[in-house]
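We count residues from 1, following the sequence as given.
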Amino acid sequence: MGKRLDLLIQLAHGLAIQFGDSCEIVIHDLTAEKLEHSVVHIENGHVTGRKLGDGPSRVVFDTLSKDPARIKDRLSYLTKTEDGRILKSSTMFIRGDNGKVEYIFALNYDITALLSIESAVHSLVTTQKEAQVLENGHTDNDSQPQQILHNVTDLLDSLIEQALTLVGKPVAAMNKEDKIKVVQFLNNAGAFLITKSGDRVASLLEISKFTLYNYMDAGNR
(Lines give C-alpha, C1' and ligand atoms only; values in the text may rest on other atoms or scores of the structure.)
Protein backbone atom coordinates (compact mmCIF):
# COMPACT_ATOMS: atom_id res chain seq x y z
CA MET A 1 0.00 0.00 0.00
CA GLY A 2 2.93 2.34 0.76
CA LYS A 3 4.53 1.63 -2.61
CA ARG A 4 1.24 2.37 -4.38
CA LEU A 5 1.00 5.75 -2.69
CA ASP A 6 4.64 6.51 -3.46
CA LEU A 7 3.99 5.79 -7.13
CA LEU A 8 0.94 8.06 -7.18
CA ILE A 9 2.93 10.87 -5.56
CA GLN A 10 5.66 10.41 -8.19
CA LEU A 11 3.07 10.65 -10.98
CA ALA A 12 1.43 13.69 -9.38
CA HIS A 13 4.72 15.55 -9.19
CA GLY A 14 5.61 14.69 -12.78
CA LEU A 15 2.24 15.82 -14.12
CA ALA A 16 2.43 19.07 -12.15
CA ILE A 17 5.82 19.84 -13.68
CA GLN A 18 4.59 18.85 -17.15
CA PHE A 19 1.40 20.95 -17.16
CA GLY A 20 2.49 23.85 -14.97
CA ASP A 21 1.05 25.69 -12.01
CA SER A 22 -2.50 25.81 -13.41
CA CYS A 23 -2.79 22.04 -12.90
CA GLU A 24 -3.66 20.86 -9.41
CA ILE A 25 -3.21 17.17 -8.57
CA VAL A 26 -4.76 15.80 -5.38
CA ILE A 27 -4.37 12.36 -3.82
CA HIS A 28 -7.00 11.16 -1.33
CA ASP A 29 -6.33 8.23 1.01
CA LEU A 30 -9.55 6.27 1.59
CA THR A 31 -7.92 3.64 3.80
CA ALA A 32 -8.13 5.94 6.84
CA GLU A 33 -11.03 5.54 9.28
CA LYS A 34 -12.36 9.04 8.60
CA LEU A 35 -12.70 10.73 5.22
CA GLU A 36 -12.82 14.27 6.63
CA HIS A 37 -9.04 14.61 6.23
CA SER A 38 -8.42 12.43 3.19
CA VAL A 39 -5.98 14.66 1.27
CA VAL A 40 -2.51 13.15 1.76
CA HIS A 41 -0.71 14.84 -1.13
CA ILE A 42 -1.37 17.91 -3.25
CA GLU A 43 0.46 19.69 -6.06
CA ASN A 44 -0.38 23.32 -6.89
CA GLY A 45 -2.97 23.56 -4.14
CA HIS A 46 -3.33 27.28 -4.86
CA VAL A 47 -5.65 26.36 -7.76
CA THR A 48 -8.49 25.51 -5.37
CA GLY A 49 -6.98 26.73 -2.11
CA ARG A 50 -6.96 23.24 -0.65
CA LYS A 51 -4.22 21.83 1.54
CA LEU A 52 -3.08 18.61 3.22
CA GLY A 53 -5.73 17.29 5.58
CA ASP A 54 -8.72 18.66 3.65
CA GLY A 55 -11.55 16.33 2.68
CA PRO A 56 -13.03 14.93 -0.55
CA SER A 57 -15.23 16.88 -2.96
CA ARG A 58 -18.89 16.11 -3.59
CA VAL A 59 -18.17 13.94 -6.63
CA VAL A 60 -16.09 11.65 -4.40
CA PHE A 61 -18.83 11.20 -1.80
CA ASP A 62 -21.42 10.84 -4.54
CA THR A 63 -19.41 8.03 -6.13
CA LEU A 64 -18.51 6.23 -2.91
CA SER A 65 -22.18 6.07 -1.91
CA LYS A 66 -22.77 3.74 -4.86
CA ASP A 67 -22.17 0.01 -5.24
CA PRO A 68 -18.35 -0.45 -5.24
CA ALA A 69 -18.59 -2.64 -8.32
CA ARG A 70 -20.12 0.28 -10.24
CA ILE A 71 -17.51 2.88 -9.31
CA LYS A 72 -15.90 4.17 -12.49
CA ASP A 73 -13.38 6.90 -13.19
CA ARG A 74 -15.01 10.25 -13.97
CA LEU A 75 -13.03 12.05 -16.63
CA SER A 76 -13.04 15.54 -18.15
CA TYR A 77 -15.90 17.29 -16.33
CA LEU A 78 -16.24 20.88 -15.15
CA THR A 79 -15.93 22.15 -11.59
CA LYS A 80 -15.50 25.64 -10.16
CA THR A 81 -13.65 27.27 -7.29
CA GLU A 82 -15.17 29.41 -4.56
CA ASP A 83 -14.03 32.55 -6.38
CA GLY A 84 -15.70 31.44 -9.63
CA ARG A 85 -12.78 30.11 -11.70
CA ILE A 86 -13.66 27.19 -14.00
CA LEU A 87 -11.68 23.94 -13.83
CA LYS A 88 -11.50 20.92 -16.10
CA SER A 89 -11.38 17.97 -13.73
CA SER A 90 -10.84 14.22 -13.74
CA THR A 91 -11.25 11.81 -10.84
CA MET A 92 -9.63 8.37 -10.94
CA PHE A 93 -10.24 5.64 -8.38
CA ILE A 94 -7.19 3.52 -7.52
CA ARG A 95 -8.00 0.04 -6.25
CA GLY A 96 -5.97 -2.26 -4.04
CA ASP A 97 -5.27 -5.94 -4.64
CA ASN A 98 -8.68 -6.83 -3.15
CA GLY A 99 -10.49 -4.56 -5.63
CA LYS A 100 -11.48 -2.00 -3.00
CA VAL A 101 -10.90 1.68 -3.78
CA GLU A 102 -7.94 2.82 -1.65
CA TYR A 103 -6.88 6.09 -3.27
CA ILE A 104 -8.34 8.82 -5.42
CA PHE A 105 -6.12 10.58 -7.96
CA ALA A 106 -7.74 13.84 -9.03
CA LEU A 107 -6.66 16.51 -11.54
CA ASN A 108 -8.08 20.03 -11.69
CA TYR A 109 -6.86 22.28 -14.50
CA ASP A 110 -7.74 25.96 -14.37
CA ILE A 111 -9.14 26.79 -17.82
CA THR A 112 -10.60 30.20 -16.93
CA ALA A 113 -8.10 32.13 -19.03
CA LEU A 114 -8.49 29.70 -21.91
CA LEU A 115 -12.28 30.14 -21.83
CA SER A 116 -11.81 33.90 -22.07
CA ILE A 117 -9.63 33.43 -25.15
CA GLU A 118 -12.14 30.98 -26.62
CA SER A 119 -14.96 33.49 -26.05
CA ALA A 120 -13.02 36.24 -27.79
CA VAL A 121 -12.21 34.03 -30.78
CA HIS A 122 -15.78 32.69 -30.90
CA SER A 123 -17.21 36.20 -31.18
CA LEU A 124 -15.04 36.75 -34.25
CA VAL A 125 -15.95 33.55 -36.08
CA THR A 126 -19.64 33.10 -35.11
CA THR A 127 -22.16 33.84 -37.88
CA GLN A 128 -25.34 35.82 -37.31
CA LYS A 129 -27.49 32.69 -37.48
CA GLU A 130 -25.40 30.92 -34.86
CA ALA A 131 -25.53 33.99 -32.63
CA GLN A 132 -29.34 33.96 -32.78
CA VAL A 133 -29.40 30.33 -31.71
CA LEU A 134 -27.24 31.19 -28.69
CA GLU A 135 -29.46 34.15 -27.79
CA ASN A 136 -32.51 31.87 -27.79
CA GLY A 137 -30.86 29.69 -25.19
CA HIS A 138 -30.34 26.57 -27.28
CA THR A 139 -27.18 24.90 -26.02
CA ASP A 140 -25.98 21.34 -26.05
CA ASN A 141 -24.91 21.35 -22.38
CA ASP A 142 -26.93 22.99 -19.61
CA SER A 143 -25.07 21.31 -16.77
CA GLN A 144 -23.37 23.60 -14.29
CA PRO A 145 -19.92 22.89 -12.84
CA GLN A 146 -19.94 21.80 -9.21
CA GLN A 147 -18.08 23.96 -6.73
CA ILE A 148 -15.00 22.51 -5.05
CA LEU A 149 -15.15 23.14 -1.30
CA HIS A 150 -12.28 22.99 1.16
CA ASN A 151 -13.80 20.79 3.87
CA VAL A 152 -16.66 18.39 4.44
CA THR A 153 -18.50 20.79 6.76
CA ASP A 154 -18.89 23.26 3.90
CA LEU A 155 -19.81 20.38 1.60
CA LEU A 156 -22.55 19.19 3.95
CA ASP A 157 -23.86 22.76 4.26
CA SER A 158 -24.01 23.00 0.46
CA LEU A 159 -25.80 19.65 0.08
CA ILE A 160 -28.37 20.52 2.74
CA GLU A 161 -29.02 23.86 1.05
CA GLN A 162 -29.54 22.10 -2.29
CA ALA A 163 -31.90 19.56 -0.69
CA LEU A 164 -34.02 22.30 0.91
CA THR A 165 -34.09 24.23 -2.37
CA LEU A 166 -35.24 21.06 -4.14
CA VAL A 167 -38.25 20.74 -1.83
CA GLY A 168 -38.91 24.48 -1.86
CA LYS A 169 -40.34 24.71 1.66
CA PRO A 170 -39.05 25.67 5.09
CA VAL A 171 -38.63 22.68 7.40
CA ALA A 172 -41.55 23.81 9.55
CA ALA A 173 -43.87 23.48 6.53
CA MET A 174 -42.59 20.08 5.35
CA ASN A 175 -44.68 16.94 5.53
CA LYS A 176 -43.35 13.39 5.71
CA GLU A 177 -42.96 13.08 1.91
CA ASP A 178 -40.98 16.33 1.78
CA LYS A 179 -38.60 15.14 4.48
CA ILE A 180 -38.14 11.79 2.74
CA LYS A 181 -37.23 13.72 -0.41
CA VAL A 182 -34.60 15.70 1.50
CA VAL A 183 -33.12 12.57 3.07
CA GLN A 184 -33.07 10.69 -0.24
CA PHE A 185 -31.29 13.57 -1.99
CA LEU A 186 -28.63 13.67 0.74
CA ASN A 187 -28.29 9.89 0.77
CA ASN A 188 -27.82 9.70 -3.00
CA ALA A 189 -25.22 12.48 -2.81
CA GLY A 190 -23.24 10.52 -0.21
CA ALA A 191 -23.82 13.10 2.54
CA PHE A 192 -24.23 10.46 5.22
CA LEU A 193 -20.66 9.29 4.68
CA ILE A 194 -19.68 12.45 6.57
CA THR A 195 -19.18 11.87 10.28
CA LYS A 196 -22.17 12.96 12.43
CA SER A 197 -24.10 14.17 9.38
CA GLY A 198 -27.02 11.95 10.40
CA ASP A 199 -27.30 13.70 13.76
CA ARG A 200 -27.32 17.09 12.09
CA VAL A 201 -29.92 16.19 9.45
CA ALA A 202 -32.18 14.50 12.01
CA SER A 203 -32.04 17.58 14.20
CA LEU A 204 -32.70 19.88 11.24
CA LEU A 205 -35.74 17.89 10.10
CA GLU A 206 -36.92 17.39 13.70
CA ILE A 207 -37.01 13.61 13.37
CA SER A 208 -35.36 10.79 15.30
CA LYS A 209 -32.31 8.90 14.08
CA PHE A 210 -34.54 5.82 13.73
CA THR A 211 -36.92 7.76 11.47
CA LEU A 212 -33.94 9.09 9.51
CA TYR A 213 -32.75 5.53 8.79
CA ASN A 214 -36.27 4.55 7.71
CA TYR A 215 -36.36 7.50 5.29
CA MET A 216 -32.95 6.46 3.92
CA ASP A 217 -34.26 2.92 3.34
CA ALA A 218 -37.44 4.20 1.69
CA GLY A 219 -35.61 4.64 -1.61
CA ASN A 220 -34.69 0.94 -1.71
CA ARG A 221 -38.20 -0.40 -1.31
Side-chain angles (χ1 to χ4, degrees), residues 28 30 33-39 48-50 54-68 70-72 74 77-89 91 93 101 104 106 108 112 115 134-221:
H28 298 271
L30 302 188
E33 291 184 3
K34 294 183 178 181
L35 296 179
E36 283 83 350
H37 308 288
S38 63
V39 176
T48 63
R50 287 185 295 178
D54 282 349
S57 62
R58 177 182 172 180
V59 69
V60 175
F61 278 111
D62 185 41
T63 303
L64 293 180
S65 67
K66 296 179 171 58
D67 180 354
R70 298 176 55 194
I71 294 177
K72 304 293 183 183
R74 186 174 178 186
Y77 61 96
L78 295 181
T79 54
K80 67 178 179 179
T81 63
E82 291 179 338
D83 59 3
R85 286 177 291 115
I86 303 300
L87 313 177
K88 184 177 181 180
S89 300
T91 303
F93 300 90
V101 176
I104 292 173
N108 301 299
T112 307
L115 289 175
L134 292 174
E135 289 176 1
N136 291 332
H138 299 301
T139 62
D140 57 0
N141 185 9
D142 294 326
S143 61
Q144 295 297 315
Q146 294 179 0
Q147 183 172 328
I148 293 179
L149 300 170
H150 291 195
N151 57 69
V152 293
T153 301
D154 292 340
L155 175 58
L156 182 58
D157 289 341
S158 176
L159 291 174
I160 289 174
E161 181 179 350
Q162 291 176 53
L164 296 179
T165 300
L166 178 67
V167 173
K169 297 180 183 178
V171 173
M174 289 185 186
N175 56 30
K176 177 180 177 181
E177 288 70 25
D178 296 328
K179 293 181 179 182
I180 289 176
K181 193 173 184 179
V182 169
V183 172
Q184 287 297 307
F185 174 88
L186 294 173
N187 193 34
N188 292 335
F192 295 116
L193 294 172
I194 300 173
T195 303
K196 295 184 179 179
S197 57
D199 293 331
R200 181 175 172 190
V201 173
S203 176
L204 173 69
L205 297 180
E206 300 178 345
I207 58 177
S208 67
K209 288 288 290 295
F210 178 78
T211 300
L212 176 69
Y213 295 139
N214 282 338
Y215 288 178
M216 291 169 64
D217 291 337
N220 299 322
R221 297 171 185 169

key: Candidate pair Leu212 and Phe210, rule side chain to side chain contact (heavy atoms under 4.5 Å, CB included), full reasoning   = CA-CA 5 Å; Leu212 176 69; Phe210 178 78; over 6 Å; no
Trace of the side chain to side chain contact (heavy atoms under 4.5 Å, CB included) decision for Arg200 with Asp157 = CA-CA 10 Å; Arg200 181 175 172 190; Asp157 289 341; 2.5 Å; yes
request  = Could you walk me through whether Tyr77 and Thr91 pass the side chain to side chain contact (heavy atoms under 4.5 Å, CB included) test, one step at a time?
outcome  = CA-CA 9 Å; Tyr77 61 96; Thr91 303; 2.6 Å; yes
message = If you apply the rule side chain to side chain contact (heavy atoms under 4.5 Å, CB included), what do you find for Arg85 with Asp83, and how did you get there?
response = CA-CA 6 Å; Arg85 286 177 291 115; Asp83 59 3; 3.2 Å; yes
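Note: Asp54 CG to Ser38 OG = 8.5 Å, rounded to the nearest 0.5 Å. Atoms CG and NZ, from Leu164 and Lys169 in turn, are 12.5 Å apart once rounded to the nearest 0.5 Å. Atom-to-atom distance recorded for Leu193:CG and Glu36:CD is 9.5 Å, nearest 0.5 angstrom. We find the CG-CG distance between Leu159 and Asn187 to be 11.5 Å, quoted to the nearest 0.5 Å. Atom CD1 of Ile86 is separated from atom CG of Asn108 by 12.0 Å, given to the nearest 0.5 angstrom. The structure places CD1 of Ile194 at 4.5 Å from CG of Leu155, a figure rounded to the nearest 0.5 Å.
When side chains are defined from C-beta on, Val183 does not count as touching Phe185, because their heavy atoms never get closer than 4.5 Å. Side-chain contact between Ile180 and Lys176 is present, with heavy atoms from C-beta onward closer than 4.5 Å.
Of all the heavy atoms in Gln184 and Ala218, the pair that sits closest is NE2-N, 4.1 Å. Minimum heavy-atom separation, Leu204 to Val171: O-CG1, 3.2 Å. Here the closest non-hydrogen pair linking Lys179 and Ile207 is CD-CG2, 4.1 Å. Residue Ala202 comes nearest to Lys209 through the heavy atom pair CB-CD, 4.1 Å, listed as atom of the first residue, atom of the second, then distance. Heavy-atom minimum distance, Met216 versus Phe192: CE-CD1, 3.8 Å. Between Ser197 and Ala191, the shortest heavy-atom contact is OG-O, 3.0 Å.
Using a 3.5 Å distance cut-off with no hydrogens or angles, the side chains of Thr79 and Ser89 do pair a donor with an acceptor. Defined by atom type and a distance below 3.5 Å, a donor-acceptor pair is missing between the side-chain atoms of Glu161 and Thr165.
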